[in-house]
Undergrad: 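This is the structure I want to talk about, given as structure tokens.
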Protein chains: 2
Amino acid sequence: MNPDLRQIRAFVTVAQLGSFTRAASLLNVSQPALTVQIRNLEEALGVRLFDRNTRTVSLTRMGREFVPALQRILRDLDAIVAEARDVAALRHGIVRLAALPSFASGVLPEIIAQFREANPKISFVIHDVIASGVVAQVREEQVDLGLTGGRIVDPDFEVLHTTQDHMHVVYPVGHSFGDMEQVDVEALTLHPLILMHPATSVRSVVDAAFLAAGRLPIVAAEATYMSTAVGMVRAGLGAAILPGSAMEVRAEQTLRSRPVDDRRFTREISIIKKAERTLPPASESFAHTLIQTLQTA
Amino acid sequence: MNPDLRQIRAFVTVAQLGSFTRAASLLNVSQPALTVQIRNLEEALGVRLFDRNTRTVSLTRMGREFVPALQRILRDLDAIVAEARDVAALRHGIVRLAALPSFASGVLPEIIAQFREANPKISFVIHDVIASGVVAQVREEQVDLGLTGGRIVDPDFEVLHTTQDHMHVVYPVGHSFGDMEQVDVEALTLHPLILMHPATSVRSVVDAAFLAAGRLPIVAAEATYMSTAVGMVRAGLGAAILPGSAMEVRAEQTLRSRPVDDRRFTREISIIKKAERTLPPASESFAHTLIQTLQTA
DNA sequence: CAGGATTCATAATCTCAGCCTATTACTGTG
DNA sequence: CACAGTAATAGGCTGAGATTATGAATCCTG
């Protein structure tokens, strides 16, 4: 028969203490139980490990040679078990998530900071990629969670939460948008606009909204990055339409922003994970706080 | 509860095969047993290891991270068990023994060569030291076996075997010893002799024999090493009295040797081990062949 | 799209490994 | 030489874990 972890623990403990009785009390078993465990281990290995009479216990040479190796195995195993329990208790862990750049630079950093205050040992790996990239990385399980725009119908994914991300218009101080009762599609159509690049999810929403309203915007410029768009606004090229989730819509000294007064200028945001996949405890927990933060905000 | 080796083996096997059913048949248990083992392991670690539905099994990220570490532990442990069984089966091992130089260079090499023919993987560590050194090394357990002269009465030691080592006289071709009916104490007293150094056990035997006979030898020279004594004989300084066990008494071209014809020129040889100590299987086995060889010779 | 096949999970039952208590046997010590 | 302390043995019992039987879900196929 093959050795057993309890037998190995018994052996190492007896070897260290030099006594069956004391080892037994340390291991919370009776002394006869230990005697049997050691005997079984000796039979399993085919080698006598202790020379013992009724008064004294000492390792044989073979026993002495095996102690360090077995000790190391116990140590390694205990370390793995402790690691697993740390992961389970959120004392350790890595949250891997993919997010659209707008979220990655916008709402996410604050939420992560708040989460890490409660769980300081948990680290994050954020992949900021475009919408199709988020979906792909979740599908290939390079990340546990995805934060992306649009509605997900693929059964490969489970949508943990959806929320609305309303578009804002960003304009320089003194722009006429600042004085209007409401900035609706009509108003937007009258001014040169800076829009995101057509491949982005923000642009699809904007285009769809204009299309639904039967209007065409005056496109002054297109930008791939939101910070570029903001720079263009600052340079006076026009007003930018950017999602409310993005950091860039926050007030700068010389700029202002306000929501577009039209429900259609809204994109859906989904927090997704791969279907039928258990998240690591850290990611699971972070998903929860993420959802709660987005709900209350 | 703490993890169990069977649980770990089950986990690694299921992870490798990606199937409970196939893993179960490989491990010679029923599939429900495996299900329970994995569940218990997951509970012990506090972490879900597999995502499984009724058709498919796949590792979670946590599970994937634990596989290599646990695999290594199983590999290490199996190696230790295999090593122990090799030692038990004499497929491995080291025989440590201390012997008087006369044996170490005399009878021992042949016996070791013969033993290693049957057990090629067993190696030897020979300490050739004087009698008191042999006893000391056995007492301190630096060696398993001791081969020494004299009678051992100390209860710290167990005498596995005793045999007689009769003294021989070594002389040049043409010496008158070669023509005598018998070389007894009387004869020895008439010729210059080369004796071992007084600290050696050979010399004590020789001195005691002369004392008992009430004679005094003519000491031409004293040597610490037997090979030195033989060199002196070759140089014509006289005849040497050396133990029969020593290689040096074997015929050289220009030398002859014959037993001294007096029962008192005999020393006792003991094979000893520490009392109450189990020998490693290799040493145990070698002790047996050693005893048998000495008995039949 | 229905049904058979396959696979994991659950339930119920049972067996034996292993524990505990009580006792024995031995040894080192004062 | 008696006592104290320690490991080994015996006997009885309990529960962990195995098995078989069955259920539930999913995939494959015609």
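Convention: sequence-line order gives letters A, B, ...; per-chain numbering from 1. As the structure is a computational prediction, the values presented were derived from the model and not from experiment.
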Undergrad: Whole Å only: how far is the CG atom of Leu34(B) from the C1' atom of dT19(D)?
TA: 13 Å

Undergrad: Do the side chains of Arg9(B) and Asp78(B) get close enough for a salt bridge, i.e. N-O under 4.0 angstrom?
TA: yes

Undergrad: Can you name the one residue among Thr148(B), Val134(B), Asp128(B), Asp165(B) that meets side chain to side chain contact (heavy atoms under 4.5 Å, CB included) with Phe103(B)?
TA: Asp165(B)

Undergrad: If you take the centroid of each ring, where Trp contributes its six-membered ring, are Phe11(B) and Phe50(B) closer together than 6.0 Å?
TA: yes

Undergrad: Within this structure, what is the CG-to-C1' distance between Leu41(A) and dG18(C), rounded to whole angstrom?
TA: 15 Å

Undergrad: Give the rounded distance in Å between these two atoms: CG of Asp4(A) and C1' of dC19(C).
TA: 14 Å

Undergrad: Are Arg139(A) and Asp154(A) ion-paired here, with the side-chain N under 4.0 Å from a carboxylate O?
TA: yes

Undergrad: Whole angstrom is fine here: how far is it from CD1 in Ile38(B) over to P in dG17(D)?
TA: 13 Å

Undergrad: Both Glu276(A) and Asn28(B) contact DNA chain D. Which one's nearest nucleotide lies toward the 5' end?
TA: Asn28(B)

Undergrad: Can you give one letter per nucleotide of nucleotides 6-17 of chain C, 5' to 3': B if a protein heavy atom sits under 4.0 Å from the base, S if only from the sugar-phosphate, - if neither?
TA: BBBBB-------

Undergrad: Between Thr163(B) and Leu294(B), is there a donor-acceptor pair closer than 3.5 Å when you use the side chain of the first and the backbone of the second?
TA: no

Undergrad: Are Asp76(B) and Arg72(A) within salt-bridge range, i.e. N to O under 4.0 Å?
TA: yes

Undergrad: What is the distance, rounded to the nearest whole Å, between atom CE of Met1(B) and atom P of dG15(D)?
TA: 13 Å

Undergrad: Looking at Arg277(A) and Glu141(A), is any side-chain nitrogen of the basic one under 4.0 Å from a carboxylate oxygen of the acidic one?
TA: yes

Undergrad: Between the main-chain N or O of Ile122(A) and the side-chain N or O of Arg116(A), is there a donor-acceptor pair closer than 3.5 Å?
TA: yes

Undergrad: Base, sugar-phosphate, or nothing: which does Ala33(A) touch, judged by heavy atoms less than 4.0 Å apart?
TA: sugar-phosphate

Undergrad: Calculate the interatomic distance between Asn40(A) atom CG and dC19(C) atom C1'; express it in whole Å.
TA: 12 Å

Undergrad: Rounding to a whole Å, what distance do you find between Gln37(A):CD and dG18(C):P?
TA: 8 Å

Undergrad: Bend across the helix from dC1(C)-dG30(D) to dG30(C)-dC1(D), to 10°, with axes taken over 5 pairs at each end?
TA: 30°

Undergrad: Tell me whether Lys121(B) is salt-bridged to Glu83(B), with the criterion being a basic N under 4.0 Å from an acidic carboxylate O.
TA: no

